[in-house]
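To start, the structure under review is shown below, and the notes come after it.
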Amino acid sequence: MTNDVTDVTELYREFGDDRLPSGQRETEAFPVLSKGPTPDWDPETWEFTVTGAVEEELTFSWEEFRALPSETQKQDFHCVTGWSKFDCEFTGVPFPELAEQAGVHDSAVHVMFSALDGYTTDLALEDCLREEVLFAWAYDGESLPPDHGGPLRVVTPHKYAYKGAKWVDGIEFLTETERGYWEKRGYSQTADPWQEERYS
Ligand SMILES: Nc1nc2c(c(=O)[nH]1)N[C@H]1C(S)=C(S)[C@@H](COP(=O)(O)O)O[C@H]1N2
Ligand SMILES: [Mo]
C-alpha cells in the first residue's frame with residue numbers, strides 16, 4: 001500500500017457549481033449520526049458477503065477483505081440534516097473492484113447495503129459503480145473509529161451520507177429497486193445533494 005492520496009473534492013463539478021450544496025453549512029466537526037447504538041464486532045467471525053445478481057457470490061473474512069486493493073481519497077461528506085465536512089481522508093476498497101470480482105449480471109440495476117446494526121440503504125447500480133464509493137476502514141490515516149462505522153463503512157461523496165452504510169457487512173445486487181431503512185421512511189432514493197433530493 002502506498003501513501004498516495006487521490007483528491008476527489010472536485011467531484012461536485014459533475015453535479016453543481018458549488019462545492020457546498022445549497023441548504024448545507026460547512027462544519028469542522030465530524031458529528032456522529034446513528035439510528036441506534038454502535039454494534040460490537042469480532043474480527044474472528046466478521047464476514048462480508050456479496051450476493052444477488054452476480055456470477056459468483058463472495059464471502060470475505062476481515063483478513064481477506066483487508067487484502068483487497070485499496071486506495072486513499074480526499075473527499076467531501078454531506079449529511080442530509082444540513083452539515084457538510086470537507087477534505088475527509090478515507091482509505092478503502094472502491095466499489096467497482098468488488099463488483100468486478102463478483103461479476104455483476106446484466107439484469108442488476110440496484111444495490112442494497114446491509115450493516116451490523118440492521119441498517120440498510122439502497123442505491124442505483126450506476127451510482128455505486130464509481131471509484132469514489134469506498135468501503136473504508138481508515139479515516140485520516142487511522143483505523144475508522146467505531147462510532148463512525150468501524151471496522152468498515154461506505155462513503156458516497158456524490159450522495160447524502162445516509163447512503164454510506166456504517167458497519168457494512170454485505171451488498172446485494174438487485175434486479176429491481178428496493179428501499180432501505182431511511183428510504184422506507186421517506187428519504188430520497190437518489191439523494192443528490194446538489195439537487196437537494198432529501199425526501200421522496
Ligand atoms: N449502519 C448505519 N449506517 C449509517 C447510519 C446508521 O444509523 N447506521 N446513519 C447514516 C446517516 S443518517 C449518516 S448522516 C451517516 C453519518 O455518519 P457519521 O456518524 O460517521 O457522521 O451514516 C449513515 N450510515
Ligand atoms: Mo444523516
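Start at 1 and go down the list; that is how both ligands and their atoms are numbered. Only this structure's heavy atoms are used, side chains among them; waters, hydrogens and symmetry mates stay out. One is the number of the first residue; the rest follow in order along the sequence.
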**Study point:** side-chain contact (heavy atoms from CB on, under 4.5 Å) partners of Arg13, counting only residues at least two apart
**Key:** Glu10
**Study point:** Residues clustered with Val109, ILVMFWY side-chain links under 4.5 angstrom
**Key:** none
Check your understanding: Does any donor atom in the side chain of Thr9 or Asp7 lie under 3.5 Å from an acceptor atom in the other side chain?
Key -> yes
Measure from every N or O atom of ligand 1 to the protein's N or O atoms and keep only the pairs below 3.5 Å, writing each with atom names and distance to 0.1 Å.
| from | atom 1 | to | atom 2 | distance (Å) |
| --- | --- | --- | --- | --- |
| ligand 1 | 1 (N) | Asp117 | OD1 | 2.9 |
| ligand 1 | 1 (N) | Asp117 | OD2 | 3.2 |
| ligand 1 | 1 (N) | Lys166 | O | 2.8 |
| ligand 1 | 3 (N) | Lys166 | N | 2.8 |
| ligand 1 | 7 (O) | Lys35 | N | 2.7 |
| ligand 1 | 8 (N) | Asp117 | OD2 | 2.8 |
| ligand 1 | 9 (N) | Leu33 | O | 3.2 |
| ligand 1 | 17 (O) | Arg153 | NH2 | 3.2 |
| ligand 1 | 19 (O) | Leu33 | N | 2.8 |
| ligand 1 | 19 (O) | Lys166 | NZ | 2.5 |
| ligand 1 | 20 (O) | His148 | ND1 | 2.6 |
| ligand 1 | 20 (O) | Arg153 | NH1 | 2.7 |
| ligand 1 | 21 (O) | Pro31 | O | 2.7 |
| ligand 1 | 22 (O) | Arg153 | NH2 | 3.4 |
| ligand 1 | 24 (N) | Gly164 | O | 2.8 |

Exercise for review: Kindly write out the residues that satisfy side-chain contact (heavy atoms from CB on, under 4.5 Å) with Phe77, not counting sequence neighbours, or none if the list is empty.
Suggested key: Phe30, Trp83, Lys85, Cys88, Phe90, Arg153, Ala161
Point to revise | Ion pair Lys159/Glu132, N-O distance below 4.0 Å | key: no
Practice item. Verify the distance criterion only: is there a donor paired with an acceptor across the side chains of His158 and Asp127 at less than 3.5 Å? Key: no
